[in-house]
Amino acid sequence: MLYARGLHQNNRRHVKPPFILGTEFAGIVTASPTTSFKPGTRVFGSGLGSFAEYICIDEGSVKRVPDQWSNAEACAVGASGAVSWGSLISVAGLKKGETVLILGASGGLGVMAVQIAKAIGVKVIAVVGDEEKAKKIVEVGADEVVDYHSPQWEEKVKGLTDNGKGVDVVYDAIGAIESGLKCLMYRGRLVIVGFAARGGKIEEVRANRILLKSATVHGYRFGEDGRRFPERTKYVWDGFMKLVDGGRIKPVIYKEQYKGLEQIARALKDLEAHRTWGRAILTINEQAEAEQRPKL
Ligand SMILES: NC(=O)c1ccc[n+]([C@@H]2O[C@H](COP(=O)([O-])OP(=O)(O)OC[C@H]3O[C@@H](n4cnc5c(N)ncnc54)[C@H](OP(=O)(O)O)[C@@H]3O)[C@@H](O)[C@H]2O)c1
């Protein structure tokens with residue numbers, strides 16, 4: 001939505017008109033100049049212009065679709081799993097036995113963050129916007145859920161931690177840094193991942209809030225890290241794919257079906273109305289996938 005409206009920070013430099021929307025995909029390789037991915041290989045990943053029948057993409061931005069996943073499931077994971085693994089593990093240093101707060105837990109990134117944290121033995125408090133999403137996120141693995149519409153929800157989050165001391169780590173995909181700092185324990189860590197709740201208007205944070213908690217605030221920009229330090233992004237992808245191979249990650253696909261490019265507007269309207277959870281998936285050429293998918 002932010003890209004479509006020119007409100008995303010990347011619209012200033014990397015994503016300028018004319019461009020095709022859509023940043024995550026799964027599909028079938030039709031041609032490749034290298035031998036890593038032969039034509040016919042099912043792949044998934046991230047790249048601008050994925051609302052299309054064909055996309056030309058850098059080899060480093062794609063991974064082989066695990067046999068157990070359909071292309072739709074791989075698309076639901078896209079790069080979101082790697083972004084969340086990098087944010088939680090590589091940047092915020094989340095460790096077994098800690099407690100993490102996931103802001104934007106029901107979203108495409110959030111459902112991955114919840115599962116990654118659970119996979120390494122962390123207690124997860126998820127913040128979501130309604131009852132249906134609360135149920136979904138418990139199914140995904142969250143230990144506790146708080147609705148952000150409830151008054152003083154930050155106090156509720158703290159009440160769910162040992163002696164009300166606050167969480168060790170906040171993962172913020174929505175842009176609620178001051179709220180996140182309220183939920184954080186003394187000397188806790190907060191990682192800024194996105195601003196989904198901000199409509200393009202980024203929050204200004206009172207710096208003393210960081211000092212008062214002796215907090216560490218990190219930012220993580222997956223795309224830019226990949227451009228500057230491809231080896232670090234490879235490390236992040238490898239870490240996440242280990243969890244996938246170990247069966248610890250389940251793609252989360254929103255219940256509505258969207259078929260064909262002409263359904264993009266309906267899918268975006270559902271997203272805008274806060275109806276969706278996990279990833280809303282648009283299928284474009286199911287027949288091609290059926291022909292290529294290995295028989296399990
Ligand atoms: N750092 C990086 O490298 C990186 C990479 C990819 C994406 N991102 C960014 O990460 C953010 C999340 O991406 P996504 O794909 O997960 O988005 P998404 O699937 O649209 O999810 C957005 C989430 O934000 C929540 N939300 C929206 N408005 C809210 C509000 N006012 N208060 C609280 N929660 C609210 C939604 O929950 P409700 O529906 O319940 O409101 C939903 O869970 C985006 O800003 C995206 O640009 C960052």
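Counting convention: from 1, in listed order, for ligands and their atoms alike.
- Residue Leu271 touches ligand 1 through its side chain alone, judged by heavy-atom distances below 4.0 Å.
- Here the heavy atom of the protein found nearest to atom 22 (C) of ligand 1 is Ala196 CB, 3.7 Å.
- Using a 30° and 60° split on the angle between ring planes, Phe222 and Tyr220 fall in the perpendicular class, above 60°.
- Looking at Asn10 and Tyr3, their side chains do bring a donor and an acceptor atom within 3.5 Å of each other.
- Using a 4.0 Å cut-off to heavy atoms of His8, the atoms of ligand 1 that qualify are 47 (O).
- The backbone N or O of Leu160 lies less than 3.5 Å from no partner atom in the side chain of Glu144, so there is not a single donor-acceptor pair.
- Contacts between Tyr220 and ligand 1, counted as non-hydrogen atom pairs separated by less than 4.0 Å, involve the backbone only.
- Of the inter-residue distances, the one linking Leu211 atom CG with Leu181 atom CG reads 11.5 Å to the nearest 0.5 angstrom.
- When the options Arg266, Arg275, Lys269 are evaluated for a salt bridge (Lys or Arg N to Asp or Glu O under 4.0 Å) with Glu256, the one that passes is Arg266.
- Interface atoms of ligand 1 facing Gly129, defined by a heavy-atom separation under 4.0 Å, are 40 (O).
- For the pair Phe222 and ligand 1, the shortest N or O to N or O distance falls below 3.5 Å.
- If you number the atoms of ligand 1 from 1 as listed, the ones under 4.0 Å from a heavy atom of Gly107 come out as 16 (O), 19 (O), 21 (O), 42 (C), 43 (O).
- Nearest protein heavy-atom contact of atom 28 (N) of ligand 1 is His274 CE1, 3.3 Å.
- Judged by distance alone, the side chain of Glu59 and the main-chain N or O of Thr34 form no donor-acceptor pair under 3.5 Å.
- For the pair Ile192 and ligand 1, the shortest N or O to N or O distance does not fall below 3.5 Å.
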Pair Ser80-Glu24, side chain to side chain donor-acceptor pair (under 3.5 Å): steps then yes or no: CA-CA 9 Å; Ser80 306; Glu24 293 182 293; 3.0 Å; yes
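- There is a side-chain donor-acceptor pair under 3.5 Å between Tyr258 and Asp270.
- Among all protein heavy atoms, the one lying closest to atom 30 (C) of ligand 1 is Ala197 CB, 3.2 Å.
- Among protein heavy atoms, the minimum distance from atom 11 (C) of ligand 1 is reached at Ala173 O, 3.3 Å.
- Contacts between Leu109 and ligand 1 below 4.0 angstrom, taking non-hydrogen atoms only, involve backbone and side chain alike.
- In this structure, a donor-acceptor pair under 3.5 Å is absent between the side chains of Ser90 and Tyr235.
- Of the possible donor and acceptor atoms, one in the side chain of Ser50 sits under 3.5 Å from a partner among the backbone N and O of Thr23.
- Looking at atom 19 (O) of ligand 1, its nearest protein heavy atom turns out to be Gly108 N, 2.9 Å.
- Counting non-hydrogen atoms of neighbouring residues, nucleotides and ligands closer than 6.0 angstrom, the CD atom of Glu262 exceeds 12 such neighbours.
- Annotation: Val193 places an N or O atom under 3.5 Å from an N or O atom of ligand 1; distance criterion only.
- Protein heavy atom closest to atom 24 (O) of ligand 1, with residue, atom name and distance, is Ile174 CG2, 3.4 Å.
- Counting atoms of ligand 1 from 1 in the listed order, those under 4.0 Å from a heavy atom of Gly194 are 9 (C), 10 (O), 11 (C), 45 (O).
- Per-residue contacts place Arg221 under 4.0 angstrom from the following atoms of ligand 1 (heavy atoms of the residue considered): 3 (O).
- A distance-only check finds a donor-acceptor pair linking the side chain of Asp172 to the backbone of Ile174 [under 3.5 Å].
- Side-chain atoms of Asp245 never come within 3.5 Å of backbone atoms of Lys242 as a donor-acceptor pair (strictly under, hydrogens ignored).
- A cation-pi arrangement, defined by a distance under 6.0 Å to the six-membered ring centre and an angle within 45 degrees of its axis, is absent between Lys133 and Trp277.
- With respect to atom 37 (O) of ligand 1, the closest heavy atom belonging to the protein is Ser106 OG, 3.4 Å.
- Proximity of Phe195 to ligand 1, defined as any heavy-atom pair under 4.0 Å, is confined to the backbone N, CA, C and O atoms.
- For Arg279, the heavy-atom gap to ligand 1 drops under 4.0 angstrom.
- Residue contacts with ligand 1: Lys133 is placed with a nitrogen or oxygen under 3.5 Å of a nitrogen or oxygen of the ligand (distance criterion only).
- For atom 33 (C) of ligand 1, the closest non-hydrogen atom on the protein side is Tyr148 CE2, 3.1 Å.
- Within the 4.0 angstrom cut-off, atom 48 (C) of ligand 1 has one or more protein heavy-atom neighbours.
- For ligand 1, the atoms closer than 4.0 angstrom to any heavy atom of Gly104 are 43 (O).
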